[in-house]
Structures are given as structure tokens and as C-alpha cells.
S.K.: 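Before I ask anything, let me first share the structure, which is written out below as C-alpha cells.
None of these values were measured; they are calculated from a predicted model.
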Amino acid sequence: MILNPTTLTFIAGGVCSFFGPYAYYQQTKLTDIIALKEACEAITRENDRLAQENIRLNETVGDLSSTVDKLEDVEQALDVITQTQGQSVATYAQQVKENENIFHQMEKNLRAN
């Protein structure tokens, strides 16, 4: 009774009906693993690219910092020049007035003689 060919057929059919979906499940897992590996590689490449970009940007920031320092020095020098020019103009105007007064006094002295 147990070795009946019909019983063996049903058992073989049951085992096969189990292994078919199980093989499909295993195949989809393998496909998922391959897709995850590819995604991991893409992320690694992007991470490396961003690390290089970060290094380049840090160097650029350093260059810009030194440029800003130089520009601040130039700004201070221009401020000093501007203040000096303002004082020089005021001093020049005062000297012109003094020279005018001296000139008028010389004219008076010349007329008096």
C-alpha cells in the first residue's frame, strides 16, 4: 500500500509543487542581492566623488580666505588714504585762505608805498 505507484506520484507531485515556488523565491532573492550590490557600488562611487569635491571645496575656501584677508588689508589702506585726503583737502583750503590774506596784505603794502 505505501509503495503503490499512485502514492509515489502524489508524493513526487507534492515535493515538486513545493520546490517550484521555492526555486522562484531563491531566484528573486539572488536578483535582489545583485541589485543591492549594484546600488552599493553606485553609492560608493558617488561617495568617493563627493569626498573629492569636498577636498576641492575646502582648498577653494582656503584660497578665498587668504584673498579676503588681502582685500581687508587693501580696504584698511584705502580708508587711511581717504582720511588723509580729506585732511589734506581741508589743510589745502586753509593754506589757500592764508595765502589770500597774505596776498591782500602785500597789495595794501604795495599801494601804501
Side-chain angles (χ1 to χ4, degrees):
M1 177 162 168
I2 287 182
L3 296 177
N4 188 353
T6 306
T7 305
L8 288 175
T9 304
F10 282 123
I11 291 172
V15 170
C16 286
S17 65
F18 170 74
F19 279 118
Y22 183 70
Y24 173 76
Y25 173 76
Q26 290 295 325
Q27 186 64 35
T28 57
K29 286 293 184 184
L30 288 174
T31 304
D32 290 345
I33 289 172
I34 292 171
L36 286 174
K37 277 180 138 179
E38 290 173 356
C40 183
E41 289 172 0
I43 289 171
T44 302
R45 283 192 305 270
E46 184 68 12
N47 187 31
D48 293 342
R49 185 188 69 77
L50 290 174
Q52 291 298 321
E53 186 69 15
N54 192 22
I55 291 169
R56 186 186 68 79
L57 288 173
N58 282 331
E59 291 172 355
T60 302
V61 166
D63 293 344
L64 288 175
S65 294
S66 64
T67 302
V68 166
D69 292 340
K70 291 175 185 176
L71 286 175
E72 286 174 348
D73 292 342
V74 168
E75 180 185 22
Q76 289 175 355
L78 288 175
D79 285 342
V80 168
I81 290 171
T82 302
Q83 290 172 356
T84 304
Q85 283 180 342
Q87 292 172 354
S88 296
V89 169
T91 304
Y92 181 72
Q94 184 180 2
Q95 287 176 351
V96 167
K97 285 182 183 178
E98 287 176 6
N99 286 338
E100 234 177 61
N101 290 337
I102 293 171
F103 178 72
H104 288 304
Q105 285 180 359
M106 288 174 76
E107 278 184 340
K108 286 181 187 177
N109 287 337
L110 184 62
R111 289 184 189 160
N113 287 334

S.K.: Working note: Thr60 + Arg56, criterion side chain to side chain contact (heavy atoms under 4.5 Å, CB included); need CA distance, chi angles, decisive distance, verdict.
M.R.: CA-CA 6 Å; Thr60 302; Arg56 186 186 68 79; 4.1 Å; yes
S.K.: Within a strict 4.5 Å, meaning less than it, do heavy atoms of the Glu72 and Asp69 side chains meet?
M.R.: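 A side-chain contact exists here, since the closest heavy-atom pair is under 4.5 Å.
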S.K.: Tell me the closest heavy-atom pair linking Ser17 and Pro21, and the distance in Å.
M.R.: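 Shortest heavy-atom contact: O-CD, 2.8 Å.
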S.K.: If I take atom NE2 from residue His104 and atom CG from residue Asn99, how far apart are they, to the nearest 0.5 angstrom?
M.R.: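 If we round to the nearest 0.5 Å, His104:NE2 and Asn99:CG are 11.0 Å apart.
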S.K.: Side chains of Asp79 and Glu75: closer than 4.5 Å at any heavy-atom pair?
M.R.: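 Side chain of Asp79 against side chain of Glu75, heavy atoms only: contact under 4.5 Å found.
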S.K.: Between Lys97 and Glu100, is the closest basic N to carboxylate O distance under 4.0 Å?
M.R.: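 Looking at Glu100 and Lys97, the cut-off is not met.
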S.K.: Atom CG of Asn47 and atom CD1 of Ile43: how far apart are they, to the nearest 0.5 Å?
M.R.: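 Reported to 0.5 Å precision, the distance equals 9.0 Å.
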S.K.: Answer yes or no: is there a side-chain heavy-atom contact under 4.5 Å between Glu41 and Arg45?
M.R.: yes
S.K.: If you round to the nearest 0.5 Å, how far is OG1 of Thr44 from NZ of Lys37?
M.R.: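 Reported to 0.5 Å precision, the distance equals 12.5 Å.
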S.K.: Of Asp73, Val74, Leu78, which is the lone residue that meets side chain to side chain contact (heavy atoms under 4.5 Å, CB included) with Gln76?
M.R.: Asp73
S.K.: Would you call the rings of Tyr22 and Phe19 parallel, tilted or perpendicular, taking 30° and 60° as the class edges?
M.R.: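 Ring orientation, 0 to 90° scale: perpendicular.
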